[in-house]
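Computed from heavy atoms alone, side chains included, the values below leave out hydrogens, waters and symmetry copies.
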There are 2 protein chains.
Amino acid sequence: MSGPGALPFDPIAEARRQWEGHGWEDAADGMALVTSVIRVQQLYLARIDAALRPFGLSFARYELLTLLSFTRTGALPLSKAGRRLQVHPASVTNVVDRLEADGLVRRVPHPTDGRTTLVELLPAGRDLLAGATAALNAQVFTQPGVAAPDARRLVELLRHIRASAGDFDIDAIPLP
Amino acid sequence: MSGPGALPFDPIAEARRQWEGHGWEDAADGMALVTSVIRVQQLYLARIDAALRPFGLSFARYELLTLLSFTRTGALPLSKAGRRLQVHPASVTNVVDRLEADGLVRRVPHPTDGRTTLVELLPAGRDLLAGATAALNAQVFTQPGVAAPDARRLVELLRHIRASAGDFDIDAIPLP
DNA sequence: CCATACTAGTTGGATGTCAAAGTATCTGCA
DNA sequence: TGCAGATACTTTGACATCCAACTAGTATGG
C-alpha cells in the first residue's frame with residue numbers, strides 16, 4: 001500500500017498533467033480512470049487482508065469459501081467455481097490446494113463425470129467463515145470510503161464497464 | 001480474466017442478493033462496490049498486459065519506466081519511486097531487478113548519501129517506452145469502457161476514496 | 001562524541017495471478 | 001463405432017504483490 005505517510009500531492013492528478021503535457025489528451029481521462037481503479041483496488045485489498053488476517057484467510061480463499069457456503073450442497077465443480085469467481089482455472093487449483101491443506105475444504109470426485117472434481121466445504125471452513133464475514137462487513141464493507149448513494153452510483157458506472165468487457169449480458173439482470 | 005464466455009447473470013448482483021438474503025443489508029452496498037472495483041481492475045490489467053506484451057513489459061515495469069522518463073535527469077532514488085508509485089519497497093526492488101536484467105535501467109549509487117541507490121533510465125528503456133505508451137493509449141486509455149463524462153465522474157468519486165485512505169491531502173491539488 | 005532513532009534497500013517467504021502445455025474424460029457426428 | 005473436438009483440471013513457470021526481518025548508513029540530541 002502507501003509508502004510512509006501521504007504524498008503532498010495527488011499522484012494520479014500529477015500523472016494526468018504529464019499525459020496532457022506530452023500531447024496525449026485523448027487518453028488522459030482513460031489513463032486517470034484506469035490508474036484510479038488500480039489504486040483503489042489496492043487500498044481495498046489491503047484493508048480486506050488486514051480484516052481477514054486473524055482468520056488465516058486471503059481474500060481469494062475467503063471468496064471461494066463464501067461461494068461454497070451459498071450453494072445448496074456446499075459443493076461445486078472447480079470449473080464452475082472458477083467461472084463464478086471469474087478467475088483462471090490454475091488460480092482455482094491453487095486456492096483449493098491451500099484450503100484443502102488447511103482442512104477447510106476437500107476435493108470429491110464427481111459421481112458421474114470423470115473429468116470433474118467437486119470442491120466441498122467442510123465444517124471447519126463453514127465455522128471460520130461466519131467470523132470472517134462479520135469482520136469484513138464491520139471493517140470494510142460498511143466503510144467503503146464513500147457514502148451509500150455514491151457507492152451505488154460507482155457500482156452502476158463500473159457495471160457498464162464490466163458488461164462492455166463481456167462479463168455478462170447487461171440486459172440480463174437489471175439493477176432495481 | 002473471464003472464464004470461457006459471459007455468464008448468463010451478473011455475479012456481483014447475485015452476490016449482493018445473497019448478502020441481503022443473509023441479513024447483511026448494511027454491508028451490501030459496500031460489498032458490491034469493493035468487488036466491482038476488484039473485478040474492473042482485473043479487466044483493465046488484462047487489457048494492459050495484452051497491449052504491453054509485444055514490448056516484453058508488465059504494467060509495473062511500464063509504470064516505473066514512465067515515471068523515470070518524466071523526471072529531469074531520468075533517475076530517481078528507489079525509495080522515492082516506491083512512494084510515487086505507491087508500492088512496497090520490496091516490489092520496487094523486484095521490478096528494478098527485472099528491468100536491470102533486461103538492460104532498460106541501471107542502478108547508480110547516490111553521490112552523497114550512502115543509503116540511497118538511484119534507478120536510472122537507459123536509452124533502451126526510453127526507446128521501448130515510446131511504442132509502449134502509444135499502444136497503451138490506443139488500446140486501453142482511449143477506450144476505458146465508459147464515455148468521457150462518466151470516466152471523469154468515476155475518477156472524482158474514486159479520488160474521494162483515495163483521499164479518505166490517506167493517499168494525499170484532498171485539498172492539496174483540486175481537480176479543475 | 002556517541003547512543004539512539006530513523007531511512008534505504010535487500011532478502012526470504014507466502015500469496016495469487018495468468019499463459020502455456022499437458023493428461024484424462026466426455027460428446028456428438030459421420 | 002471411432003474419432004475429432006471439446007471440457008476439466010493440473011503442472012510449470014513467470015510475474016508482482018506485501019510481510020517480516022535484516023544490514024548499512026545518516027541524522028539528531030544530549
For a quick check of understanding: with a heavy-atom distance under 4.0 Å over all strands, which category does [X] fall into, base, sugar-phosphate or nothing?
X         : answer
Val92(A)  : nothing
Ser79(B)  : sugar-phosphate
Ala60(B)  : sugar-phosphate
Thr117(B) : sugar-phosphate

Within this structure, what is the [atom1]-to-[atom2] distance between [X] and [N], rounded to whole angstrom?
X         : N       : atom1 : atom2 : answer
Leu45(B)  : dA14(D) : CG    : C1'   : 14 Å
Leu64(A)  : dT15(C) : CG    : P     : 15 Å
Arg47(A)  : dC18(D) : CZ    : P     : 16 Å
Glu100(B) : dT10(C) : CD    : P     : 9 Å
Leu78(A)  : dT11(D) : CG    : P     : 12 Å
Asp97(B)  : dC15(D) : CG    : C1'   : 13 Å
Leu43(B)  : dT17(C) : CG    : C1'   : 14 Å
His110(B) : dT26(D) : NE2   : P     : 11 Å

Could you run down the sub-3.5 Å N/O contacts of the protein with nucleotides 24-26 of chain C?
| residue | atom | partner | partner atom | Å |
| --- | --- | --- | --- | --- |
| dT25(C) | O3' | Gly114(A) | N | 3.4 |
| dC26(C) | OP1 | Gly114(A) | N | 2.9 |
| dC26(C) | O4' | Arg115(A) | NE | 3.2 |

Quick one: is [X] getting a side-chain N or O under 4.0 Å of the [N] phosphate, OP1 or OP2?
X         : N       : answer
His88(A)  : dA19(C) : yes
Thr93(A)  : dC9(D)  : no
Arg83(B)  : dA8(C)  : yes
Ser91(B)  : dC18(D) : yes
Arg53(B)  : dC18(C) : no
Arg107(A) : dT10(D) : yes

Looking at Arg153(B) and Glu156(B), is any side-chain nitrogen of the basic one under 4.0 Å from a carboxylate oxygen of the acidic one? no
Note to self: I'd like to know if Arg16(A) and Glu20(A) make a salt bridge, using a cut-off of under 4.0 Å between side-chain N and carboxylate O.
What the structure shows: yes
>> Could you see if Ile12(B) belongs to whatever hydrophobic cluster contains Leu136(A)? Use Ile, Leu, Val, Met, Phe, Trp, Tyr and a side-chain cutoff under 4.5 Å.
In response: no
Comparing nearest nucleotides in DNA chain D, the 5'-proximal residue of the pair Pro89(B), Asn94(A) is Asn94(A)
* Asked: Donor-acceptor pair, Arg162(B) side chain versus Arg39(A) backbone, under 3.5 Å?
  -> no
Look only at the side chain of Thr93(B) and the backbone of Pro89(B), and say whether a donor-acceptor pair between them is shorter than 3.5 Å.
yes
Across all chains, not counting sequence neighbours, the salt bridge (charged side-chain N to carboxylate O under 4.0 Å, His left out) partners of Asp97(B) are Arg107(B)
Of Leu158(B), Val40(B), Thr35(B), Val146(B), the one forming a side-chain contact (heavy atoms from CB on, under 4.5 Å) with Leu158(A) is Val40(B)
Test side-chain contact (heavy atoms from CB on, under 4.5 Å), reference Ser69(B), set Leu121(B), Thr133(B), Leu64(B), output is Leu121(B)
Of Val95(A) and Ala90(B), the one whose closest nucleotide on DNA chain C sits nearer the 5' end is Ala90(B)
